[in-house]
Amino acid sequence: QVQLVQSGGGLVQPGGSLTLSCVASGFTLDLYAIGWFRQTPGKGREGVSCMISDGSTKYGDSVKGRFTVSRDNAKNTVYLQMNNLKPEDTAVYFCALNFNGNVESMARPWEYKYWGQGTQVTVSS
């Protein structure tokens, strides 16, 4: 049974940092594309980052240089390290699995078949 379970998130002040975790079960995470997305009320899901099997990554323009995705194959876990957070980063964040995606699939959330439960990130003073 494929499952993605997220942890992390919460409330942080502007300029602060948070790390989100996404633990995979039912499949070997490093064989496929794992994307991070975020969503705010009234908006669609925005691609934040993507990592594929060979370790290649891609980031959205709004987070480039501030967010870093990494993978621990032994723990079957992907992390999203978020630094220098801004109020506009406030959103519900999701990790998701794409069995056939490349890094460009970050722009096509409908290609992702399995999703984590989502976690709220709030950046506010």
Side-chain angles (χ1 to χ4, degrees):
Q1 179 181 358
V2 173
Q3 194 172 15
L4 296 168
V5 177
Q6 297 179 226
S7 62
L11 174 64
V12 65
Q13 292 186 341
S17 298
L18 282 174
T19 301
L20 306 182
S21 301
C22 177
V23 180
S25 60
F27 69 100
T28 302
L29 186 147
D30 64 354
L31 295 180
Y32 306 108
I34 297 293
W36 285 95
F37 299 84
R38 64 188 182 186
Q39 188 166 18
T40 54
K43 292 187 177 181
R45 290 189 178 179
E46 174 192 5
V48 174
S49 71
C50 180
M51 173 179 276
I52 62 174
S53 58
D54 67 359
S56 298
T57 58
K58 185 177 177 68
Y59 298 91
D61 289 341
S62 61
V63 307
K64 205 171 295 183
R66 300 187 296 121
F67 289 15
T68 303
V69 61
S70 62
R71 185 174 66 202
D72 185 332
N73 295 337
K75 295 183 178 179
N76 219 29
T77 300
V78 171
Y79 303 95
L80 183 67
Q81 174 68 42
M82 305 183 292
N83 297 327
N84 191 22
L85 283 160
K86 305 176 181 180
E88 51 264 42
D89 294 318
T90 297
V92 178
Y93 284 72
F94 298 88
C95 61
L97 164 66
N98 184 336
F99 286 118
N100 298 303
N102 57 27
V103 290
E104 302 302 330
S105 67
M106 188 183 72
R108 302 184 294 272
W110 55 87
E111 293 185 1
Y112 286 73
K113 183 174 177 63
Y114 294 96
W115 291 77
Q117 80 277 18
T119 185
Q120 177 71 45
V121 171
T122 302
V123 186
S124 175
S125 55

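Just so you know, residue 1 is the first one in the sequence shown, and it goes up from there.
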Closest approach of Thr28 to Asp30 (non-hydrogen atoms, all atoms of both residues): CG2-OD1, 2.9 Å
Answer yes or no: is there a side-chain heavy-atom contact under 4.5 Å between Ser62 and Glu46? yes
Contact summary for Phe94 and Arg45, nearest pair of heavy atoms: CZ-NH2, 3.5 Å
Could you check whether any side-chain heavy atom of Arg38 comes within less than 4.5 Å of a side-chain heavy atom of Asp89, counting everything from C-beta outward? yes
Met82 and side-chain contact (heavy atoms from CB on, under 4.5 Å): which single residue from Val48, Val123, Thr68, Leu20 fits? Leu20
Any side-chain heavy-atom pair from Val69 and Tyr59 closer than 4.5 angstrom? yes
Pro109 versus Gln39: any side-chain heavy-atom pair under 4.5 Å? no
From Asn98 CG over to Tyr114 OH, what is the distance, rounded to the nearest 0.5 angstrom? 12.0 Å
Here the gap from Ile34 atom CD1 to Ile52 atom CD1, rounded to the nearest 0.5 Å, amounts to 12.0 Å
Option passing side-chain contact (heavy atoms from CB on, under 4.5 Å) with Leu85 (candidates Leu18, Val63, Thr122, Thr90): Leu18
What is the distance from atom CG of Leu29 to atom OG of Ser53, rounded to the nearest 0.5 Å? 10.5 Å
Are the side chains of Leu31 and Phe99 in touch, meaning some heavy atoms are under 4.5 Å apart? no
Within the structure provided, determine whether Ser124 and Leu11 are in side-chain contact (heavy-atom separation under 4.5 Å). yes
Is any side-chain heavy atom of Cys95 closer than 4.5 Å to one of Val78? no
Any heavy-atom pair between the side chains of Tyr112 and Phe37 that's under 4.5 Å? yes
What one should report as the nearest heavy-atom pair of Asn76 and Ser25 is ND2-N, 4.3 Å
Assess whether side-chain contact (heavy atoms from CB on, under 4.5 Å) is satisfied between Asn73 and Arg71, documenting all intermediate values. CA-CA 6 Å; Asn73 295 337; Arg71 185 174 66 202; 3.0 Å; yes
Would you please say whether a donor-acceptor pair under 3.5 Å links the side chains of Ser125 and Gln13? no
